[in-house]
Amino acid sequence: MSEETRRRLRIVWRVVAVAMIGGALYGLGTSGWRPIEALRGAVTGLAIAAPLTLFEGFVARTPRGAVFRRLSFAMLLTVKSAIHLAWIMAGLEIGALVVPIDGRIGLAFNVDLLHALLFSTAFSIALNFIVQIDAMLGQGELGRFVLGRYHRPREEERIFLFLDLVGSTALAERIGGVRFLELLNQVYGDIAEAITEHRGAIHKYVGDEVIVTWTPRAGLPQARCVACALAIEARLAARAAFYRERFGVAPSFRCGLHLGPVVSGELGTVKREIAYLGDTVNTAARLVDACRTHDRRCIVSAALLGRVTLPPGVAAEPLGPVELRGKEAPLDLFALHATAAAR
């Protein structure tokens, strides 16, 4: 079982547990605190939350759910809420069948059912809205905003992976802006699973660039940050035929990996975001420039390479001290590539 699958299953367990507790409390609160109603509420919560959360985690928010991502925000909210409503009705019926009350098996179509349906529907719409906002902000960004983690600026250590699409300017001119945006959306969708699989967080899209970040605790074990860059390259290589047929080109990235201290905090007033500031971010961006200069696809700093054990089949080629634009002193850099045995 992959790390990403385990992560999604953990989310499913947590949501299901909350739904069961909420269902039990709803049953108690609307029935004069009868334990049997709490049991039915918990079973109903399980019946509703488990399939819907599995649908969200393993279909809607994965490459399998591409059809949903092509919908507008309002249409997506409507469609998914309709799907949720249909299953809510099924879940209410399952709860009533599994836990009969007063000798009645199945739903009683009365005012209590209406209240339960309204409560479940409102909860579903609110949950879908939150999920879509979280997806727009980025993985975990909404939670960090709500908890105020970065309300005050703080110093921390971060890993950054800068991804820059090769030949993007010429490609955009050749296929046109609309088709180029379609290409970017396809590419970003294809690489998303590789990023989440290796516990990366997409910090920002900057046109044809993607900025991915990790805490050292998340990115250093098993060299996840390095493995992520390699997985992205492998994913696009595996999809090369599809891209050539649809867009006339096989996209690829140059990438730079660096680790160091940053200042993190909320930035902006009308539009707020979590920002990472400091020389570490600038240096990571300059490593992409070094890729162009040295004709390499992936360059990593000595600061990061000294903290990880490279995955099997990956070698680091010393480039020596390299002068980077805006840096006073040269930096020791290394180019990553697959060894002959791994090819």
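- Applying the side chain to side chain donor-acceptor pair (under 3.5 Å) rule to E209 yields no partners; only residues at least two apart in sequence or on another chain are considered.
- The number of heavy-atom neighbours closer than 6.0 Å to CD of E323, taken from other residues, nucleotides and ligands shown, is 12 or below.
- Using a distance-only test at 3.5 Å, with no hydrogens or angles considered, no donor-acceptor pair links the side chain of Y243 to the main chain of L236.
- Side chains of R158 and T213: a donor-acceptor N/O pair is present below 3.5 angstrom, by distance only.
- Between K327 and D279 a salt bridge is recorded (basic side-chain N to carboxylate O distance below 4.0 Å).
- The aromatic rings of F160 and H203 stand perpendicular to each other, their planes meeting at an angle above 60°, with 30° marking the opposite boundary.
- Put simply, the side chain of S264 never gets that close to the backbone of Y276: no donor and acceptor are under 3.5 Å apart.
- Hydrophobic clustering, with ILVMFWY side chains joined whenever heavy atoms are under 4.5 angstrom apart, groups I274 together with F162.
- With rounding to the nearest 0.5 Å, the separation of CZ in R199 from CG in L220 is 12.0 Å.
- Formation of a donor-acceptor pair under 3.5 Å by the W87 side chain with backbone atoms of A47 is found in this model.
- In the model, S252 has a side-chain atom that pairs as donor or acceptor with a side-chain atom of R297 under 3.5 Å.
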Let me have the donor-acceptor pairs involving side chains of residues 167-181, under 3.5 Å, with sequence neighbours excluded, atom names and distances please.
residue	atom	partner	partner atom	Å
S168	OG	D208	OD2	2.1
R179	NH1	E182	OE1	3.0
R179	NH2	R246	O	2.4

